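What follows is a single structure, written as structure tokens, with notes after it.
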Amino acid sequence: MRIFAEHSSSSNSPDLKVMKFGGTSVGSPENIRLVARLLAGTNEPLIVVLSAMAGTTNTLVEIAGLLEKGNPAEANVRINALEHHYKTVVSSLFETAGYREKGSEMIRNHFTYLRSFTHDLFTANEIKCVLAQGELISSALFQFHLEEKKIPSVLLQALNFMRIDREQEPDQYYIRENLDRELDNQPDCKLFITQGFICRNAYGEIDNLRRGGSDFSASLIGVAVHANEVVIWTDIDGFHDNDPRYVENTHPIAELSFDEAAELAYFGAKILHPSTILPAKVAGIPVIIKNTMNPAARGSAITDKPTGKGVKAIAAKDGITAIRIKSGRMLLAYGFMRKVFEIFELYKTPIDMITTSEISVSLTIDNLAFFPQIVEDLKHYGTVEADHDQTIICAVGEGIASESNIASELFNAISDIHVRMISYGGSQNNISVLIPSAFKKQALNALSAHFFNH
Ligand code: ADP
Ligand code: ASP
Ligand code: MG
């Protein structure tokens, strides 16, 4: 029986869900067992998207960095330590000698592959191959665990269907066609496991959807199969009203709109990869956030329903650089802005915030890959100044930019912090300020105290 909706149908499949489990959720043998029990209790057809075990991708980034710097000896030390970690995972996860052997062999193969990079010159593409090992290992371990527990499931290789194009954007047509074919090959299966984060690029090479990208994988898969829900299982009981890493006493938000969640994720709420919401919003698929370690907690539902007035949450995005271009020639000159924007377009560098005065324009970027070239080109149009180590603090809530008192309350709450830029009115749902990163924690706490914890 074919369990997935036909893709010609515009409605979503009545019972198919996509569930993504993050790094902590699969971060230990205990948690892997917990996730397997959670899935065994579900009757609906499911596609399960897995992250690497917590900490693994960070370690792989370090290994790749060492190899890039030509330090294979230190890279080997880290590879050995990571392999040792996985050997202990295998010996505690599996109960039977047969699966311990299967698990050990799989780990050996991945680490032999990793070590192959310590002998040769290291290329940019090989970095991506190194980073991909985390999800390949976690999904293989999980699939073996399900097999050992006699829970029927099929492991789908994301590298067979997940792809980005030349612009690094998901190739949605390719994803749908190829995932569909993979699913058609297993008409009787109700539980599919696959890897988040990893994909192929337009040249067929191994690539990824950037850090935290498993959330994005889940929403792309959800759209491709017309899922009725994408559930992001993580280590916290929902989307909180502020960043719990910097603010005590934050609270989960029961309901958010797609637009609110998209703004928060884009402006730094780490709980969701910044691109996760848009595909789900376009396809009308609710995104639910749940806590793997506390499934009874309500979590957060992100849908197209209106969610009411007021500030819902605060987020912060670090690593921002503000650039000011000052030019006497801007005075009354049309065409000036176009020339400025063209420079950022040429270097494929997105702009986050922008403000203008009669003789200058300030804007922010977070990608410094072409910063020197951008500054050189901008100098043709005026003097250029840059401030690094800035943070965008963003208050989000439906229609807050048209509620008369919210902006003044926000500025009062952070009145002792120097604000470098303000963005107001660009979106009805968002008021953003740019401040030096050193004041981020203070600003986040002040805003929580004012808006949520009177
Ligand atoms: P996963 O590995 O499951 O993808 P992440 O670490 O990527 O988990 O995201 C969950 C973490 O995001 C939380 O543990 C929390 O520290 C952080 N976080 C930042 N902002 C928020 C927020 N507004 N609500 C909830 N968690 C947040
Ligand atoms: N493992 C990847 C990372 O740590 C992807 C993810 O966890 O979402 O960035
Ligand atoms: Mg994440």
Side-chain angles (χ1 to χ4, degrees), residues 19-28 31 34-35 48-62 64 127-128 130-139 158 162 194-199 207-221 230-254 256 260-277 287-294 297 299-300 302 311-318 393-397 440-441 444 447-448 451-452:
M19 291 191 172
K20 174 257 171 175
F21 291 87
T24 311
S25 305
V26 292
S28 65
N31 285 3
L34 186 72
V35 172
V48 173
V49 179
L50 298 181
S51 290
M53 292 179 80
T56 296
T57 311
N58 284 348
T59 306
L60 293 171
V61 168
E62 281 171 24
I127 296 178
K128 309 280 177 68
V130 167
L131 299 193
Q133 300 310 305
E135 272 70 11
L136 291 170
I137 293 175
S138 64
S139 56
M162 191 54 78
T194 192
Q195 303 89 11
F197 179 58
I198 61 174
C199 63
D207 211 314
N208 62 61
L209 301 176
R210 298 196 285 273
R211 295 304 307 272
S214 299
D215 305 323
F216 193 23
S217 303
S219 73
L220 291 170
I221 291 172
V230 172
V231 189
I232 306 287
W233 290 90
T234 184
D235 57 4
I236 187 165
D237 49 359
F239 211 121
H240 278 221
D241 54 16
N242 207 329
D243 192 327
R245 293 168 301 170
Y246 301 98
V247 178
E248 281 176 23
N249 202 13
T250 59
H251 318 93
I253 310 166
L256 279 168
E260 288 170 334
E263 298 253 21
L264 287 163
Y266 185 77
F267 285 106
K270 184 187 178 241
I271 188 162
L272 282 181
H273 179 283
S275 308
T276 310
I277 294 299
V287 176
I288 312 297
I289 301 182
K290 295 278 286 178
N291 186 348
T292 309
M293 278 57 75
N294 183 17
S300 302
I302 301 166
V311 175
K312 300 286 169 24
I314 312 289
K317 183 171 174 179
D318 289 327
I393 303 280
C394 162
V396 168
K440 160 179 150 172
K441 189 170 177 191
L444 290 178
L447 292 170
S448 256
F451 285 109
F452 312 125

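Atoms within each ligand, like the ligands themselves, are counted from 1 in listed order. All residue numbers refer to positions in the sequence shown, counting from 1. Fair warning: this is a prediction, and the values are worked out from it, not measured in the lab.
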Suppose I only count heavy atoms of [X] and a 4.0 Å limit; which atoms of ligand 1 are within that range?
{"X": "Asp243", "value": "19 (C), 20 (N)"}
{"X": "Asp235", "value": "10 (C), 11 (C), 13 (C), 14 (O)"}
{"X": "Phe239", "value": "23 (N), 24 (N)"}

Show the atoms of ligand 2 that are less than 4.0 angstrom away from any heavy atom in [X].
{"X": "Glu135", "answer": "1 (N), 2 (C), 5 (C)"}
{"X": "Ser51", "answer": "6 (C), 7 (O), 8 (O)"}
{"X": "Arg211", "answer": "3 (C), 4 (O), 9 (O)"}

Exercise. Quick one: does Lys20 get a heavy atom under 4.0 Å from ligand 1?
Worked result: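 Heavy atoms of Lys20 do come under 4.0 Å of ligand 1.
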Exercise. Strictly under 4.0 Å, does any heavy atom of Gly268 approach an atom of ligand 1?
Worked result: no
Problem set entry | Lys270 contact mode with ligand 1 (heavy-atom cut-off under 4.0 Å) |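 Answer for Lys270: both.
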Problem set entry | Per-residue contact class, Asn242 against ligand 1 - non-hydrogen pairs under 4.0 Å |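 Contact part for Asn242 vs ligand 1: backbone (N, CA, C, O).
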Give the residue and atom name of whichever protein heavy atom lies nearest to [atom], and the separation in Å to one decimal.
{"atom": "atom 3 (O) of ligand 1", "value": "Thr234 OG1, 2.7 Å"}
{"atom": "atom 2 (O) of ligand 1", "value": "Gly23 N, 3.0 Å"}
{"atom": "atom 16 (O) of ligand 1", "value": "Arg245 CG, 3.4 Å"}
{"atom": "atom 15 (C) of ligand 1", "value": "Pro244 CG, 3.8 Å"}
{"atom": "atom 9 (O) of ligand 1", "value": "Ile271 CA, 3.5 Å"}
{"atom": "atom 23 (N) of ligand 1", "value": "His240 O, 3.1 Å"}

Exercise. Would you say the side-chain atoms of His273 pair up with the backbone N or O of Ser275, donor to acceptor, closer than 3.5 Å?
Worked result: yes
Exercise. Ala269 to ligand 1: N or O pair under 3.5 Å?
Worked result: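 No, Ala269 has no N/O under 3.5 Å of an N/O on ligand 1.
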[X] to ligand 2: N or O pair under 3.5 Å?
{"X": "Arg210", "result": "no"}
{"X": "Thr57", "result": "yes"}
{"X": "Gly212", "result": "yes"}

For this session: Answer side chain, backbone, both or neither: which part of His273 comes under 4.0 Å from ligand 2, heavy atoms only.
Result: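 Neither part.
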